[in-house]
Amino acid sequence: MMEFADSSEPVLLFAFWTGVAASALVIAIAVAILLLRYRLRAFTRRRAHFLAQWRPFLAVAIDAVPAHLPELPDEDTESFLILWNHLHQSLRGGVTENLNTIAVRLGIPERALEALTHGGTRERLLAIVTLGHLRERRAIMRLADLTDSPNMTLALYAAKALTRIDPAEAAKLLMPRIVEYRDWPPSLVSGVLAEAGPEAMSLALARCLREASAAELPRLSHLLRNIEPVVRSRVVRELHARGGLDTETIAQCLQALALPTDAELATEYGAHPSWQVRVHAATSLGRIGGREHLDVLRRLLTDPQWWVRYRAAQAIVQLSGLTGVSLDGFRDSLADRYARNMLDHVVAEGQHA
Amino acid sequence: MTLEQFVIAAQWIFLLFFVALNGGYLLLNLVSLRSLVRYMDVRGINLYQDMYTRLEPPVSILVPAYNEASTIAASLRALLQLNYSEFEIIVINDGSKDDTLGTLLKEFGFEPFPGACRVSLPTANVRGLYLSRHYPNLRLVDKENGGKADALNAGINAARYPLFCAVDADSILQRDSLQRIVKPVMDDPSVVACGGTIRIVNGCQVDGGYLVKTGLPRSLLVRFQLIEYLRAFLFGRLGWAPMNALLIISGAFGVFRKDAVIDVGGYRTDTVGEDMELIVRMHRLRRAAGKPCLITFVPDPICWTEAPESLRVLKTQRIRWQRGLSESLWMNRDLLFHKEGSAAGWIAFPFMLFFEWAAPLIEITGYVFTVLAYLFGFIALEVLAVFLFVALGLGLLLSVSALLLEEMSFHVYTCPGDTLKLFAAAVLENFGYRQLIALWRLRGLWQWFRRRRGGWGRMTRKGHWQQKEGG
Amino acid sequence: MRPLTAPVAGLPESVADARPVTVLIVEDDPDLAYLLGRLLAREGFATIEANDGKRAAELIEQTAHVDLALLDVMLPYRDGFSLIDPIRARWPDAAVVMLTARINERDIVKGFKCGVDDYIGKPFQPAELIARVGRHLRKRKKTSA
C-alpha cells in the first residue's frame with residue numbers, strides 16, 4: 001500500500017507541534033485553575049473571619065464608640081469598607097456620625113485618599129463612596145479630577161461623593177461636566193443631583209438649562225425634576241416661550257409641571273402633532289389640573305393613539321376624585337365607544353389596585 | 001494533481017480549519033477575559049444600592065406559556081419575588097391544551113378585565129385579558145395557539161412599560177437577576193437589548209423557584225453539555241459584546257426596548273430560532289437605517305434552565321438549534337458585509353457562518369476523510385494518531401480555557417472535587433460527544449436546506465414550543 | 001433567647017415576672033439582622049431570628065409567644081406580606097412592623113390593608129426604630145393587661 005504522508009511531511013510536523021503546544025497550555029491552565037481555587041478559599045476564610053469579629057463589634061460600637069478599637073490590618077481594609085458603607089447606607093441619624101468617628105480613628109480617610117490616587121478601579125470606587133460618606137473635604141480636589149474620568153462609573157460615583165461633601169461646590173463643578181459629557185445617562189445624573197436636594201442645585205441647574213443649546217436640551221431637560229417647584233415652573237415657562245422645542249424636551253417639561261397655575265401650559269400641548277407630547281399633556285392635567293380641564297381630557301379620550309386615550313382616562317379618574325364630578329355621568333356623556341371602553345378599563349384597573 | 005498531492009492538500013485544509021475554528025474561539029475567550037476581569041473587578045463591592053436602587057426603570061416581564069399547568073404557578077410566584085422596584089408580569093397562555101388556563105385562574109384569582117389593548121404587532125386571536133385580584137401587577141393574556149414568537153408578540157402588545165423582559169416559563173432566576181440585566185440599560189439608555197448567560201440547573205437544588213445550592217450534574221451527558229455551554233455559549237458571547245457584535249440573546253432571559261422591537265416588526269413566527277433571528281434582524285435593519293444598535297450582555301449567572309438528560313431530546317434540540325441558526329442567518333443575509341454592518345456584519349456574521357453554520361459539514365467531512373484515507377492505506381497510522389492528537393489537544397485547550405474563565409469569575413461549583421470532574425468531562429467529551437453533536441448539527445443543516453427548497457408557503461403554523469418536543 | 005432580668009422603662013411592672021417580651025426579626029440582610037438583634041437585645045427584649053420567609057414560617061409555627069414581629073418585605077421564598085396572616089392567626093395580639101427599603105404607595109396601602117401596624121423605611125434611625133417598637137409593645141401590654 002502506498003503511504004503518502006510520512007512523519008517528515010510539513011503538515012504532520014505542523015499538526016504535531018500544534019498538538020504539543022496545546023497540551024502544554026492545557027497543563028499550564030490546569031495549574032492556574034488550582035492556584036486560583038486555593039487563593040479563593042484563603043480569601044473566603046479571611047473574609048468570614050473578619051466578619052465574625054467586626055460585625056458584632058460595629059453593631060455595638062455604633063451606639064457608643066468604645067475607647068479601644070481593634071487593629072485593622074491593610075488586607076482587611078476592603079472587607080471593612082464594604083461592611084461600613086453598607087451600614088452607612090442602611091442607617092441614618094446619629095449612628096452614622098459614630099460610624100464616621102470609628103472610621104477616622106482607624107485611619108480610614110488616609111487609606112481612602114491613598115487609594116484614590118494609587119489604587120485600581122475597585123479600590124478607587126470603594127474609596128470614593130467612603131470619602132463621600134465621611135464628608136472628607138480633603139478629597140474634593142481629587143474627586144473633582146475623577147469626574148473627568150473616561151470611566152463613567154468612576155466619574156458618577158465621584159460626582160455623588162462630591163455632592164455629599166459640599167453640595168454648593170459640587171453644583172459649580174458638575175454643571176459644565178453635565179453639559180459636556182454626553183455619555184452620562186440623564187437618569188443617573190438626576191440621581192446624583194438628588195443627593196444634594198433641590199435647594200443646592202436649583203439655581204445652577206436653572207441657569208444651565210437657560211443657556212443650553214437646542215442640541216443639548218433634550219438630554220438636559222431630564223434634570224428639571226431636580227429643580228425646586230417654583231423655580232422649575234419659571235424655567236419651563238421660559239423654555240416654552242423660546243418655542244421650537246423638540247418632543248423630548250416638551251415631554252420632560254410636561255412631566256416637570258407641578259403647580260396648578262401651570263395647567264394651562266399642559267392644555268396648550270394637548271393639540272400637539274406628536275402623540276408622545278399629548279400623552280404627557282394628559283398625564284400632567286391629571287396631576288395638576290382641575291374641573292375646567294375635563295373638556296380637554298374628553299377630547300384626548302378620543303385621540304387616535306391608544307396611549308393618549310389611556311392616560312387621558314387615568315387623568316379623568318384622578319380629577320373626578322378630586323373635583324367630585326360623577327364618573328358615571330361623564331361616561332354616559334361620551335359618544336365614542338372606544339372612549340367609553342377605555343374609561344371602563346381604567347376604572348377596573350383602579351378597583352383592583 | 002496526483003492523488004498524493006490531493007490527500008496532503010486535503011489534510012492541510014482540514015487541519016487549518018480545525019486550528020482556525022478553535023483558534024477563533026480561543027481568541028474570543030481572550031477578548032472576553034479582558035471584559036470579564038474588568039467586570040469582576042467592580043462586582044461584589046456592593047455599591048449598586050448607592051447609585052441605582054431608586055432609578056430602576058419599570059419593566060414588563062413577558063412569560064409565554066404552553067402546556068405548563070404543573071409548573072406555571074410556582075414559576076410566577078418566584079417571579080413575583082424578584083427584587084426590583086417596579087415591574088409587571090404578563091403571562092401569555094398560548095392556547096394550551098392542558099389545564100394551564102384553569103390553574104392560572106384558580107391560583108391567582110384572575111378576573112376578566114375590560115381590556116383595551118394596543119395592537120402594534122399582529123398575532124393569533126386573543127381570547128381574553130385578565131388581571132389578578134391578589135397581585136395587581138400580574139396579568140394574563142389568553143389567546144389561540146400561535147407559537148412562542150406569536151405569544152411574545154401578544155405580550156408586547158399588552159405590555160405597559162418601555163422595557164420588556166422575555167422569560168421562559170421554566171427559567172429559574174435569582175432575586176437580583178432583573179436588576180443585573182437592566183443595569184446596562186441604566187448605564188446607557190441607547191442600549192436596545194441585553195442578554196444574560198444561561199446556566200444548567202441539573203444537579204442543583206431549587207426551592208421556591210429559586211436556586212438554593214449549586215451542584216454538578218450527575219449524568220455525564222449533561223456534564224458534556226455544561227462544558228459546551230461554558231466553552232462556546234458563555235464566554236464566547238462576552239467576547240462579542242465589546243465589539244457590539246452580539247448576534248444572539250437567549251430567549252430564556254433577555255431584556256429589550258419595546259419600541260425598538262416593534263420598530264423591526266416583533267418576533268418572526270416562521271422560524272424556530274426566533275430569539276436569534278430578532279437580534280440579527282435588529283442589527284440589520286437598525287444599522288441600515290443609520291440607527292445605533294447597542295446590544296450587550298451580562299456574564300453573571302442569573303438564569304438557569306434544564307438541559308436534556310436523554311440523547312433523544314438532546315438530538316432534537318441540536319437539530320433545531322442548527323435550523324434556527326440557518327434560518328436566522330439566511331433571513332438576514334443582507335447584514336453580511338453590509339456597508340453599515342460594522343463588526344456585526346463584518347466579523348460576527350462571517351464567524352457564525354463559517355464556524356457555526358458550516359462547521360459541522362467541514363468537521364464531519366474531515367473526520368470521514370481522515371478515517372477513510374487511513375483505512376484505504378493512503379495515510380499511515382501515525383498520521384491518524386497525530387491528527388487525533390491535535391483535535392484532542394485543541395478541543396481540550398478550549399474547554400480548559402473556559403474553565404479558567406469560570407474560575408476567575410463566578411466559580412459556581414465550589415465543591416473541591418467538582419473542578420476535577422469537570423476536567424475529566426472536558427477530556428472525555430472529545431471521544432464521541434463532539435462528533436455526535438456535529439452529526440446532529442449536520443442533520444439540522446440538511447433539514448433546513450430541504451425545507452427551504454420545499455418552500456415556506458407550505459409550512460403550517462404550529463405551536464413552536466421547543467421545550468415540549470420529545471416530552 | 002435571654003429572659004428579661006431588669007425592668008425596662010415604659011413597660012408595666014407586671015411584665016417583669018411574666019414571660020419575656022419577645023420580638024421576631026425576619027430580615028435577609030445578615031448585617032442588618034445582626035444589628036437589629038443586638039439593638040433589641042440591648043433593650044432587654046428576647047429575640048428570635050429568621051433570614052428568609054420559609055424559616056420565618058417555621059418559627060411562627062414553633063414559637064409559643066411573640067409580642068412583636070419586625071418584618072422585611074423582600075425576603076427569599078415568601079415576601080413579608082405573606083407572613084402577616086400566619087402571624088395574626090398564631091399570635092392575635094402581636095404587633096406587626098414592616099421594615100423595608102421599598103416604600104411605595106402600593107406597598108403601603110397593601111400593608112395597612114393586611115393589618116400592618118407600622119412602617120419603617122430603610123435607611124432607618126436605630127433610636128427611632130427602638131422608640132416605635134417600644135410604643136407598639138406598650139400599647140399591646142395596655143390592651144391585654
Side-chain angles (χ1 to χ4, degrees), chain A residues 1-7 9 11-12 14-16 18-23 25-26 29-30 32-34 36-37 40 78 81-82 85-86 89-90 120-122 125-126 129 152-153 156-157 160 183 185-188 190-192 194 306-307 309-310 338 341-342 344-346 348-349 352-353, chain B residues 3-5 7-8 11-12 15 19 22 38 41-42 44-47 49-52 54-55 57 111 113-119 131-133 136 186-189 373 376-380 382-383 386-387 389-397 400-401 403-404 407-408 411 414 416 419 423:
Chain A
M1 274 294 187
M2 297 174 283
E3 297 201 334
F4 286 142
D6 65 65
S7 40
E9 275 303 329
V11 68
L12 264 191
F14 177 66
F16 178 72
T18 310
V20 167
S23 307
L25 278 171
V26 165
I29 290 178
I33 292 177
L34 286 172
L36 280 173
R37 181 55 65 109
L40 175 67
E78 182 177 293
L81 289 181
I82 293 174
N85 279 305
H86 183 51
Q89 236 139 258
S90 312
T121 313
R122 185 188 179 94
L125 270 175
L126 260 180
V129 178
M152 180 209 62
T153 309
L156 282 176
Y157 275 101
K160 191 157 207 178
D183 62 326
S187 57
L188 292 186
S190 184
V192 167
W306 188 88
W307 277 105
R309 298 203 299 277
Y310 181 64
Y338 290 107
N341 277 353
M342 183 57 81
D344 289 339
H345 169 109
V346 168
E349 266 184 2
H352 275 95
Chain B
L3 190 56
E4 176 176 3
Q5 285 173 327
V7 167
I8 292 181
Q11 284 176 46
W12 269 112
L15 180 64
V19 170
N22 285 290
R38 278 156 93 210
D41 201 30
V42 298
I45 47 177
N46 208 6
L47 293 179
Q49 198 189 346
D50 197 68
M51 179 76 74
Y52 294 89
R54 280 176 233 287
L55 307 172
E111 286 169 351
F113 190 62
C117 204
R118 180 172 188 223
V119 180
L131 178 62
S132 162
R133 211 177 335 120
M186 284 195 263
D187 282 340
D188 188 345
F376 279 107
F378 293 136
I379 58 175
E382 60 183 357
V383 175
V386 168
F387 272 37
F389 173 53
V390 168
L392 177 60
L394 285 176
L396 197 55
L397 178 59
V400 169
S401 72
L403 286 178
L404 177 68
E407 190 60 38
M408 289 172 76
H411 36 75
T414 46
T419 319
F423 191 85

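Order of the sequence lines fixes the chain letters, A, B, ..., with proteins taken first and strands second; residue numbering starts at 1 for each chain.
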Quick one: are [X] and [Y] in side-chain contact, heavy atoms under 4.5 Å?
X         : Y         : result
Leu188(A) : Asp187(B) : yes
Thr153(A) : Met51(B)  : no
Asn46(B)  : Asn85(A)  : no
Pro189(B) : Ser187(A) : no
Phe423(B) : Val26(A)  : yes
Val119(B) : Trp306(A) : no

What residue, out of [options], has the most heavy-atom pairs lying under 4.5 Å from chain B?
options                                  : result
Ala194(A), Ala21(A), Ala32(A), Ala22(A)  : Ala22(A)
Leu81(A), Leu36(A), Leu156(A), Val192(A) : Leu36(A)
Asp183(A), Leu34(A), Val129(A)           : Val129(A)

Specify the closest pair of heavy atoms between [X] and [Y], including all atoms of both residues, with the distance to one decimal.
X         : Y         : answer
Val400(B) : Ile33(A)  : O-CD1, 4.0 Å
Asp50(B)  : Tyr157(A) : OD2-CE2, 3.8 Å
Phe389(B) : Phe16(A)  : CE2-O, 3.7 Å
Arg122(A) : Asp41(B)  : NH1-O, 2.7 Å

If you round to the nearest 0.5 Å, how far is OG1 of Thr18(A) from CG of Leu397(B)? 11.0 Å
Once you round to the nearest 0.5 Å, how far does NE2 of His86(A) lie from CD1 of Ile45(B)? 14.5 Å
Tell me which of these, Asn22(B), Leu15(B), Leu394(B), has more heavy-atom pairs under 4.5 Å with chain A than the rest. Leu15(B)
Using a cut-off of under 4.5 Å on heavy-atom pairs, state which of Leu396(B), Val42(B), Leu47(B) scores highest against chain A. Leu47(B)
Verify the neighbour count for atom OH of Tyr338(A): are there more than 12 heavy atoms of other residues, nucleotides or ligands below 6.0 Å? no
